[in-house]
Protein chains: 2
Amino acid sequence: MSDTLAKKDRAAETRTRILDAAASLFRDKGYAAVSLRGIADAADMKAGSVYYHFKSKEEIVLEVLNLGIERVHKTVKAVFDTGKGNQENAALITDAICAHLETLLEHTDYTSANVRIHGQVPEAIRSEALVVRRRYEALWDDILAHGKAAGDIRQDVDLKMFRLMLIGSLNATLEWFDPEKGSARDISRAYAAILLNGLMDK
Amino acid sequence: MSDTLAKKDRAAETRTRILDAAASLFRDKGYAAVSLRGIADAADMKAGSVYYHFKSKEEIVLEVLNLGIERVHKTVKAVFDTGKGNQENAALITDAICAHLETLLEHTDYTSANVRIHGQVPEAIRSEALVVRRRYEALWDDILAHGKAAGDIRQDVDLKMFRLMLIGSLNATLEWFDPEKGSARDISRAYAAILLNGLMDK
DNA sequence: GTCTATAGCTCGATAGAC
DNA sequence: GTCTATCGAGCTATAGAC
């Protein structure tokens, strides 16, 4: 049985190697510009072998997309679950922003691949990926509703639009982030300060 | 001579038809997924004929990219030049945000194609397009410096980072904007209110 | 200035040896 | 489970007729 387990582990390890290679390439080049031969090369295999683990390029990209969202969802949810009982809302939202941005910028090609290529994949894949994405958006709606219920958020702000703006602006950092010019944590703090308090002096 | 002019007009008109078709397709499908046959189809020609007007797909995309930035640059610059002598900075920045967002969301496929595919084109094209893009970023640096000099902007805000965040968050609206659920103008006003004053009640 | 035809590649995916 | 070999399709770009 340990023999069977070892085999399963090896198969899973190869699958992961393919997915890692695909996520990194999709992130850098977009969906259409990445070939299965390119993915296979980066995973140290021949193109034909990839089809033993996945039945199509679309199946690979769907799994990359969903893993990307699930990882950031998990980290932000942990922050919210831990803090919602005992933190000020400003601190709680700041921590959630940091969790999203640090995962995106530092921890995984999957999350950044998701941001970059979600709009480029075939319609059928995009609508499947939207199911998982919507669950993450709902988490942010909960976080913001929690703050509004406590009276800490301006009553005239449209929270659905704010959530779209928030996630969009965090994801847009991917296009210019350079770890040599400032850490993900510093940028996260600065973003939170602007989003919570604004640009203008008063 | 009017004969010569008419010929030039017709040639220019065909060029424009190709660029319009390309901008719209790039915006919808990304760079690599759009073929020259697709562009030619949308411009009512055969693929071979496109090469009379452009020497490669890369030449087409570079022109689309640059026209996109130049159009938004022109509208935002007009707002700044008109308002900087006689408007409050909060109103001036709000108007500039509206000008950028309304051009992006309503007025031209070129600007939205630029936002979507800038990160997908071959490196040589991207670095050429960056020259024009940097001029637009410098305009925003001027707008923000003008506000800071007047003492209307918090002294602790890093304006370079804010400019990156601002343009990134405006461009990100492309991914979710739906004209049936709210006009570009309403979204612009809401964005400006959040960016200038923040989310939290005080 | 636009057409047809095609050269020369690369693509996703499959078949079958090992 | 990974390999080699290949099919059929679609790609950019070019050549040459009209």
Side-chain angles (χ1 to χ4, degrees), chain A residues 3-23 25-26 28-65 113 117 120-126 128, chain B residues 3-23 25-26 28-65 117 120-126:
Chain A
D3 192 63
T4 305
L5 264 180
K7 274 183 193 169
K8 277 185 190 164
D9 282 356
R10 215 158 4 185
E13 193 263 319
T14 304
R15 240 185 105 86
T16 302
R17 215 171 63 239
I18 294 167
L19 289 170
D20 286 351
L25 288 169
F26 285 144
D28 287 345
K29 311 212 271 180
Y31 175 70
V34 171
S35 68
L36 264 153
R37 285 166 175 82
I39 294 172
D41 264 11
D44 266 312
M45 320 176 69
K46 299 296 170 182
S49 312
V50 173
Y51 287 88
Y52 176 82
H53 300 276
F54 298 91
K55 74 179 222 300
S56 68
K57 184 180 174 185
E58 298 193 357
E59 188 178 295
I60 295 175
V61 78
L62 178 60
E63 193 152 333
V64 168
L65 251 20
I117 69 176
Q120 298 172 37
V121 301
E123 169 57 27
I125 302 298
R126 185 163 54 248
E128 276 203 69
Chain B
D3 192 65
T4 305
L5 264 181
K7 273 183 192 169
K8 277 183 188 162
D9 283 356
R10 217 162 6 203
E13 193 262 320
T14 305
R15 239 185 105 85
T16 302
R17 216 170 63 239
I18 294 167
L19 289 169
D20 285 351
L25 288 169
F26 286 144
D28 287 346
K29 311 212 269 179
Y31 175 71
V34 171
S35 69
L36 264 155
R37 284 170 174 82
I39 294 171
D41 264 12
D44 266 314
M45 320 177 68
K46 300 295 170 182
S49 311
V50 173
Y51 287 88
Y52 175 81
H53 301 275
F54 298 91
K55 73 179 222 299
S56 68
K57 183 181 173 184
E58 298 193 356
E59 188 178 294
I60 295 174
V61 78
L62 179 60
E63 194 152 333
V64 167
L65 250 19
I117 69 176
Q120 299 172 38
V121 300
E123 169 55 27
I125 302 297
R126 185 163 55 247

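A note on names: the letters A, B, ... follow the listed sequences, proteins ahead of strands, and every chain is numbered from 1.
Note: CD (B:E13) to C1' (C:dT2) measures 14 Å, nearest angstrom. Rounded to whole Å, atom C1' of C:dG1 lies 15 Å from atom CG of B:D44. To the nearest angstrom, C1' of D:dC11 lies 15 Å from CG of B:L25. When the C1' atom of C:dT2 is taken as reference, atom CZ of B:R15 falls 17 Å away, rounded to whole Å. Here the C1' atom of nucleotide C:dT10 and the CG atom of A:D41 are 13 Å apart, to the nearest Å.
With C:dT4, D:dC3, C:dT2 as the candidates, the nucleotide lying closest to the side chain of B:K46 is C:dT4. Taking the side chain of A:Y52 as heavy atoms from C-beta on, and the options D:dT2, C:dC3, C:dG1, the nearest nucleotide is D:dT2.
For A:R37 (side chain) and A:A47 (main-chain N/O), no donor-acceptor pair under 3.5 Å exists by modelled atom type. A donor-acceptor pair is defined here as one N or O able to donate and one able to accept, closer than 3.5 Å; such a pair exists between the side chain of B:Q120 and the backbone of B:Y31.
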Problem - side-chain contact (heavy atoms from CB on, under 4.5 Å) evaluation trace for B:L65 with B:F26 - result: CA-CA 10 Å; B:L65 250 19; B:F26 286 144; over 6 Å; no

Exercise for the section: Treat primed atoms plus P, OP1 and OP2 as sugar-phosphate and everything else as base, then score nucleotides 12-18 of chain C 5' to 3': B for base contact with protein heavy atoms under 4.0 Å, S for sugar-phosphate contact only, - for none. Expected result: BBB----

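The only option from A:V61, A:I60, A:T14 that meets the side-chain contact (heavy atoms from CB on, under 4.5 Å) definition with A:L19 turns out to be A:I60.
Interatomic distance, NE2 of B:H53 versus CD of B:E63, reported as 12.5 Å (0.5 Å rounding).
With respect to the salt-bridge test (charged N to carboxylate O, under 4.0 angstrom), the residues B:R10 and B:E13 do not qualify.
Between B:S49 and the phosphate of C:dC3, there is a side-chain N or O to OP1/OP2 separation shorter than 4.0 Å.
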